Participant: 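One structure is given below, represented as structure tokens, and several questions about it will come after.
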Amino acid sequence: MGENRNFLLAAVIAIGILLLYQVFVLDPMARDREAAEAAIAASQAETTNTDDAPQAEPSAFAPGSGENGLSREDALARSQRIEIRTEAVSGSLSLTGARLDDLQLLRYDTEVDSGEAVTLLSPEGFDGYQFAASGWLGDANAPQGLPGLSTQWTLAEGDVLTPDTPVVLEHQAGDLTFRRTITVDDNYLFTVSDSVVNNGSAAVSLRPYSLVRQHGVPQDLQNFFVLHEGAVGVVDGTHFSRKFKKWEDEGLIERSGPGGWMGITSKYWLAAVAPQDQGNVRAQFRVVSRPDRPVFEANYLSDAQILAPGASLEASSYVFAGAKKQPILAAYENELGIDRLTMAIDWGMFWFLTRPFFAALHFFYGLLGNYGLAIMVVTLLIKLVLFPLNNRAFASMAKMRSAAPKMKEIRERHKDDPQAQQKAMMELYRKERINPVAGCLPILPQIPIFFALYKTVFISLDARHAPFFGWIQDMSAPDPTMFGNLFGLLPYDPSGIPLIGQILAIGVWPLLMGVTMWAQQSLNPPPPDKIQRQIFAFMPIIFTIIMAPFPAALIIYWSWNNTLTIAQQYLIMRRQGVVTELDRNFFKVRAKLTGSAVPAKYQGEDTPTATNQVIEGKVEEAVTELAEDANADAAITDGETPANPETPAKPATPGRRVSSNPAAKKPRGGKKK
């Protein structure tokens, strides 16, 4: 009986605890969860009382909406469309949301001579879609159904969008009548002009917005450290950007101010939106979470405008969707007032150098018709401008190389006394009029110039699918030849072989670049340390392997730049009377090929002016000592008495040379080597 009573008491207590836990813990958690879900749903729906650019409702399309892996054709077929046809682009405009979500760039092929145009924009539902759209937000007094991403527009005028024939769409939301006119120019700019008429009896506050949305990171993302791909925009005259990885980590980036534009960019293409009036906007770069991949969005929201009863208001925006051609972007920037639109091109940190280089390459490309020749001409002009600096640097290096034997002798003489070694070095610099820093300082201004030109060649749209001489048909792609298959003689691709595939895939131009790097290195003074010399000897090989996958335009530029540097440096060093490693290596190779001897001038280590140079220090002491020994031997041979009377001269053994050299009198003991 007692056990049953205890059991019932324990059951009642347990039930009471569960009830209390349900009332004070689980129920509040459920209410908080429901409130959070409601807030998320409210932020995703197109309501009239939000202050944020909206996301599409789940019911925006027929069943199967969202990132569900539809084919592009099936995704296009889910909405009524208006054809777009110009010399630069083709595609269609969706009446659902008036979205610009189907666009091909007719002037650019996906591959060389493929005939297949580059696709920039794709409809929602297709994996990796990207589109641009515009809409309106309102306050609490605004009617339901304001134009948004899922609005079904009605075609009022026009049937094909061309530069000569705009299209007009209409939509009714309560007492508000929206009329949208869309035009396109001969290149890549669409203009969206909205007019709104208030037929009601109450004033309404409205705010226009525009956005560009992209599903996931592009499949052809290069993700290179010198290249920007991701969010880009200008607000209040300030340029700001984020790469996709950092953008996803931050989630939301917001700026406010007058005018500007916002977009998503890749290496060559851009999709961006901009308000026409350049008034105050709140711009956002945000990431929308989705089950499979994140959705990246760039948008702007303009200030609210009050629409009185019987009145009308207008708002216009631009949509740029196309290639980042600098002259086209500059024209939109200057003629339409789109603030700093040319900053969509990734000029880099040395933009003040990159932009003039870019213009020069574009000019010579149009003049010569070959982008590789344009690179060579611009590089040659830069070399001519920098000739005085390079001449001074190379002359200083030549003096350093000519003084290398004396510097080596000083190091050996004072190897145990660093202070004396430094003092002797400074005396040598003063005597030979050598400034050890003079060879480095002129090179410093050339570092930003080199990187700026490197950046220019890398991002230039002119290099894309531009042929060079011979086998190079696309200067934006790597050299297609591979020494692993004897440059195409063997019918297989060695690049897929594990571990060594990248090495076997090195082409002709990367090998030429490696040879020029080795030749240039041979002209420089070798490091005094043996390990450093070995490391430097491997540098051309390492750089050749690393840079082999780079675009051919960069390899050609680097090879040509090295060749000009070698010619200039070699002439200066020969004028200084310096025999370089390049000379020695040349005569050594020639001797092996022809069987002839290497001239004495090109044997051994560095000599400034052949064999007439006399090294001070230990060499002079040794010569003096040898001379004294020779005089003593001559005196003994003639029967004279040595200068030291305490040391009688021993009779000379026939056939044996007698020397007064103390080293020669030391007993010869120990093992023979």
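Just so we're clear, the structure is a prediction, and the values are computed from it rather than from any experiment. Every heavy atom of this structure was used, including side-chain atoms; hydrogens, water molecules and symmetry mates were not.
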Participant: I'd like to check S134 versus R180 (side-chain heavy atoms, cut-off strictly below 4.5 Å). Are they in contact?
Facilitator: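 A side-chain contact under 4.5 Å exists here.
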
Participant: Do I345 and T265 have side chains that get closer than 4.5 Å, going by heavy atoms?
Facilitator: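 Sidechains of T265 and I345: no contact.
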
Participant: Can you tell me how the ring of F350 sits relative to the ring of F352, calling it parallel under 30°, perpendicular over 60° and tilted otherwise?
Facilitator: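 Taking F352 first and then F350, their aromatic rings stand perpendicular (interplane angle over 60°).
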
Participant: Compare all side-chain heavy atoms of L176 with those of L146 and state whether any distance is below 4.5 angstrom.
Facilitator: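 Touching, per the 4.5 Å side-chain cut-off.
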
Participant: Compute the ring centroids of W558 and F450, then answer whether they are less than 6.0 Å apart.
Facilitator: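 Yes, close enough.
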
Participant: Look only at the side chain of W471 and the backbone of P480, and say whether a donor-acceptor pair between them is shorter than 3.5 Å.
Facilitator: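 It does not hold such a pair.
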
Participant: Has the side chain of E157 got a donor or acceptor atom that lies under 3.5 Å from a matching backbone atom of V167?
Facilitator: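 No; zero donor-acceptor contacts below 3.5 Å.
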
Participant: Taking R242 as the fixed residue, which of E248, E250, E254 is the one that meets the salt bridge (charged side-chain N to carboxylate O under 4.0 Å, His left out) rule?
Facilitator: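 Option passing the salt bridge (charged side-chain N to carboxylate O under 4.0 Å, His left out) with R242: E250.
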
Participant: Salt-bridged, R99 to E124, with N to O below 4.0 Å?
Facilitator: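 Salt bridge present between R99 and E124.
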
Participant: Verify the ring-centre separation between F550 and Y557: is it less than 6.0 angstrom?
Facilitator: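 Between Y557 and F550, the centre distance exceeds or equals 6.0 Å.
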
Participant: Taking R340 for its side chain and G237 for its backbone only, find out whether a donor-acceptor pair lies under 3.5 Å.
Facilitator: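 Checked: pair present.
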
Participant: Measuring centre to centre across the rings, with the benzene-like ring taken for any Trp, is Y209 within less than 6.0 Å of W136?
Facilitator: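 Centroid distance Y209-W136: not below 6.0 Å, so no.
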
Participant: Stepwise, does the side-chain contact (heavy atoms from CB on, under 4.5 Å) test hold for F131 with S122?
Facilitator: CA-CA 6 Å; F131 67 86; S122 296; over 6 Å; no

Participant: So, F296 versus F244, ring centres under 6.0 angstrom or not?
Facilitator: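 For F296 and F244, the ring centres are under 6.0 Å apart.
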
Participant: Please report the C-alpha distance between S195 and R179 in whole Å, then the side-chain angles of each, then the deciding distance to 0.1 Å, and finally whether the side-chain contact (heavy atoms from CB on, under 4.5 Å) criterion is met.
Facilitator: CA-CA 5 Å; S195 64; R179 186 176 176 88; 3.5 Å; yes

Participant: Mark yes or no for whether R286, through its side chain, and L252, through its backbone, hold a donor-acceptor pair below 3.5 Å.
Facilitator: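 Side chain of R286 to backbone of L252, a donor-acceptor pair under 3.5 Å: no, none is there.
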
Participant: Would you check if the side chain of H228 reaches a backbone N or O of A231 as a donor-acceptor pair within less than 3.5 Å?
Facilitator: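 Yes, because the side chain of H228 sits within donor-acceptor range (under 3.5 Å) of the backbone of A231.
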
Participant: Any donor and acceptor pair, going by atom type alone, linking the side chain of Q214 with main-chain N or O of G216 inside 3.5 Å?
Facilitator: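 Yes; at least one donor-acceptor contact below 3.5 Å.
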
Participant: Identify whether NZ of Lys or CZ of Arg in K325 sits under 6.0 Å from the centre of the six-membered ring of Y268 and within 45° of that ring's axis.
Facilitator: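 Verdict for Y268: no cation-pi partner in K325.
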
Participant: Verify, without hydrogens or angle tests, whether S205 (side chain) and D139 (backbone) share a donor-acceptor contact under 3.5 angstrom.
Facilitator: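 Pair absent, no side-chain N/O of S205 close to backbone of D139.
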
Participant: Quick check: do Q276 and I338 have side-chain heavy atoms less than 4.5 Å from each other?
Facilitator: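 Not in contact.
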
Participant: Salt-bridged, K324 to D346, with N to O below 4.0 Å?
Facilitator: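 Result for this pair is no, no salt bridge flagged.
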
Participant: Using the ring of each side chain (for Trp, its six-membered ring), is F320 parallel, tilted or perpendicular to Y332, with breaks at 30° and 60°?
Facilitator: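 Rings of F320 and Y332: perpendicular, as their planes differ by over 60°.
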
Participant: With no hydrogens and no angle check, is any side-chain donor or acceptor of S460 less than 3.5 Å from a backbone partner on D462?
Facilitator: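 A pair under 3.5 Å: yes.
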
Participant: When rounded to the nearest 0.5 angstrom, what is the spacing between CZ in R213 and CG in L149?
Facilitator: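 Separation between the atoms: 5.5 Å.
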
Participant: Are the side chain of N334 and the backbone N or O of A330 linked by a donor-acceptor pair below 3.5 Å?
Facilitator: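 Yes; judged by distance alone, with no hydrogens or angles, the pair exists.
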
Participant: Measuring centre to centre across the rings, with the benzene-like ring taken for any Trp, is F285 within less than 6.0 Å of F240?
Facilitator: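 Here the rings of F240 and F285 have centres that are less than 6.0 Å from each other.
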
Participant: Look only at the side chain of W347 and the backbone of T342, and say whether a donor-acceptor pair between them is shorter than 3.5 Å.
Facilitator: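 Pair found, side chain donor or acceptor close to backbone of T342.
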
Participant: May I ask you to decide whether D249 forms a salt bridge with K245, counting only side-chain N to carboxylate O separations under 4.0 Å?
Facilitator: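 Yes, this pair counts.
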
Participant: For S302 and R282, which I'm curious about, is there any donor-acceptor pair between the side chains at under 3.5 Å?
Facilitator: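 Not at all, the side chains of S302 and R282 share no donor-acceptor pair under 3.5 Å.
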
